Amino acid sequence: MKLKPWHDTLIETLKYPQDAAEYLNTALEEGDEGLFLSALKNVAQARGGMRKMARITNLNRSNLHKMLSKGGNPEIQTLTHLLDVFGLRLAVATKNSGKNHPRLKRAA
């Protein structure tokens, strides 16, 4: 039995929005922006590749490649648009539980 390369299996998995969301959140938790952009590029590849993403988002393909490179710096509007195309959205969550909130400490 011939095994699939790891990257091919990853790309196949990232076709599903829930799996892509978990993958991107894990990359974000690492705190490395380059890693997150690389993960986003993998999701783009899973969703049809950079050419298709460029066409859907009306972005230049080379600019899309640059934006999703480790040194890329996408604007928030571009990032939210790309995530929308993937069936995902940007969200904010707390780092700590509520008991560490400054207002709650003063009340105690």
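Scope of the values below: all heavy atoms of this structure, side chains included, with no hydrogens, waters or symmetry mates. Treat the numbers as computed from the prediction; the structure is a model and nothing was measured.
Note that OG of Ser62 is 10.0 Å distant from CE of Met50, once rounded to the nearest 0.5 Å. We find the OH-CG distance between Tyr23 and Leu88 to be 13.0 Å, quoted to the nearest 0.5 Å.
For Arg55, the side-chain contact (heavy atoms from CB on, under 4.5 Å) partners are Lys52, not counting sequence neighbours. Taking the side-chain contact (heavy atoms from CB on, under 4.5 Å) definition, one finds that Thr26 meets it with nothing, sequence neighbours left out. In this structure Glu12 satisfies the side chain to side chain donor-acceptor pair (under 3.5 Å) test together with Lys4, sequence neighbours excluded. Applying the side-chain contact (heavy atoms from CB on, under 4.5 Å) test to Leu59 and every residue at least two apart in sequence or in another chain returns Thr57, Leu64, Thr78. With sequence neighbours excluded, no residue satisfies side chain to side chain donor-acceptor pair (under 3.5 Å) with Glu30.
Each of Leu83 and Leu35 belongs to its own hydrophobic cluster when Ile, Leu, Val, Met, Phe, Trp and Tyr are linked at side-chain heavy-atom distances under 4.5 angstrom. With hydrophobic clusters built from ILVMFWY side chains whose heavy atoms lie under 4.5 angstrom apart, Leu37 shares a cluster with Leu28. Under the 4.5 Å side-chain heavy-atom criterion for Ile, Leu, Val, Met, Phe, Trp and Tyr, Leu90 and Leu82 are members of the same hydrophobic cluster. Both Ile76 and Met53 belong to a single network of hydrophobic side chains, linked directly or stepwise wherever heavy atoms of I, L, V, M, F, W or Y lie under 4.5 Å apart.
The stretch residues 65-92 participates, sequence neighbours left out, in no salt bridge (Lys or Arg N to Asp or Glu O under 4.0 Å) pair at all.
Side-chain atoms of Lys41 and Gln45, non-hydrogen and from C-beta on, never get closer than 4.5 Å to each other.
Of all heavy-atom pairs spanning Lys15 and Ala46, the tightest one is CG-O, 3.4 Å. For the pair Asn42 and Leu10, the tightest heavy-atom approach, listed with the atom from each and the gap, is ND2-CD2, 3.9 Å.
Listed for the Arg47 side chain is a donor-acceptor partner under 3.5 Å among the backbone atoms of Phe86.
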